[in-house]
Amino acid sequence: MLGLFKTVLNGVKAGRNVYVGFNGKIINRGMMTLGDNVSLRGGRFYTAHGASRLLIDSGSDIGEYSTVSAQNLIRIGKNVLSGTHVFISDHNHEYIDVNVPIMFQGVRCGKDDRVEIGDGTWIGTNAVIAGNVRIGKNCVIGANSVVTRDIPDYCVAAGAPCRIIKQYDQENKKWKKIRN
């Protein structure tokens with residue numbers, strides 16, 4: 001636990017009652033902000049450089065063995081819940097020159113690439129969220145899903161690649177199945 005008070009630890013601005021679990025590792029080369037009552041149950045949380053930002057809003061709970069890696073910006077809203085082994089990244093490995101091993105080619109990340117996860121969303125175990133992606137509020141992302149495209153508010157989405165299965169219709173106050 002970081003503490004029951006507001007604190008700054010290794011450049012991390014943390015609210016009240018922030019919990020970092022056993023084997024949790026924070027590598028902060030940029031700006032990391034954790035709201036009140038955030039739980040990082042273990043795993044790895046990275047900001048790559050001075051301009052990188054990772055913002056996790058109040059009440060969110062990131063499952064064990066997860067990785068969250070920000071090159072530009074990752075914003076996780078309020079009361080977001082994730083299962084274990086979730087991977088969230090706003091960037092990917094570069095692959096331009098077939099004669100150079102990928103590990104030596106750096107990362108691919110557009111100037112404005114970001115990941116945004118809306119308030120109240122649930123991300124299932126082993127989900128991957130990668131690239132320039134926005135997930136709306138109060139969504140469910142199924143276990144083992146690979147999210148590389150935007151998901152609107154109030155959706156249940158699953159699969160690899162992730163597809164919307166159903167969406168809540170605000171007008172009719174009912175769930176609507178989506179045919180893919």
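We count residues from 1, following the sequence as given.
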Please enumerate all residues that pass side-chain contact (heavy atoms from CB on, under 4.5 Å) together with Asp112, with sequence neighbours excluded.
none
Asp119 (side chain) donor-acceptor with Lys137 (main chain) under 3.5 angstrom
no
Ignoring hydrogens and geometry, is there a side-chain-to-backbone donor-acceptor pair from His49 to Gln71 under 3.5 Å?
yes
Side-chain donor/acceptor of Ser58 to backbone N/O of Lys78, under 3.5 Å
no
I would like to know whether Asn17 and Asn37 meet side-chain hydrogen bond (donor to acceptor under 3.5 Å, both in side chains); could you show each step before the answer?
CA-CA 5 Å; Asn17 301 317; Asn37 303 308; 3.2 Å; yes
Holding to salt bridge (charged side-chain N to carboxylate O under 4.0 Å, His left out), I want the full list of residues that pass it with Arg41, two or more places apart in sequence or in another chain.
Asp61
Using a 3.5 Å distance criterion without hydrogens, assess whether the side chain of Asp169 forms a donor-acceptor pair with backbone atoms of Glu171.
yes
Hey, what do you get for OG1 (Thr33) to CD1 (Ile76), rounding to the nearest 0.5 Å?
12.0 Å
Listed by chain and number, what are the salt bridge (charged side-chain N to carboxylate O under 4.0 Å, His left out) partners of Asp153, not counting sequence neighbours?
Arg134
Arg16 backbone acceptor or donor facing Asp36 side chain under 3.5 Å
yes
Rounded to the nearest 0.5 Å, what separation is found between the CG atom of Asn28 and the NZ atom of Lys13?
10.5 Å
Donor-acceptor contact below 3.5 Å, side chain Asp97 vs main chain Gln105
no
When you measure from the side chain of Thr84 to the backbone of Tyr65, do you find a donor-acceptor pair of N or O atoms at a distance under 3.5 Å?
no
For the atom pair CG (Leu55) and OG1 (Thr47), what is the distance rounded to the nearest 0.5 Å?
10.5 Å
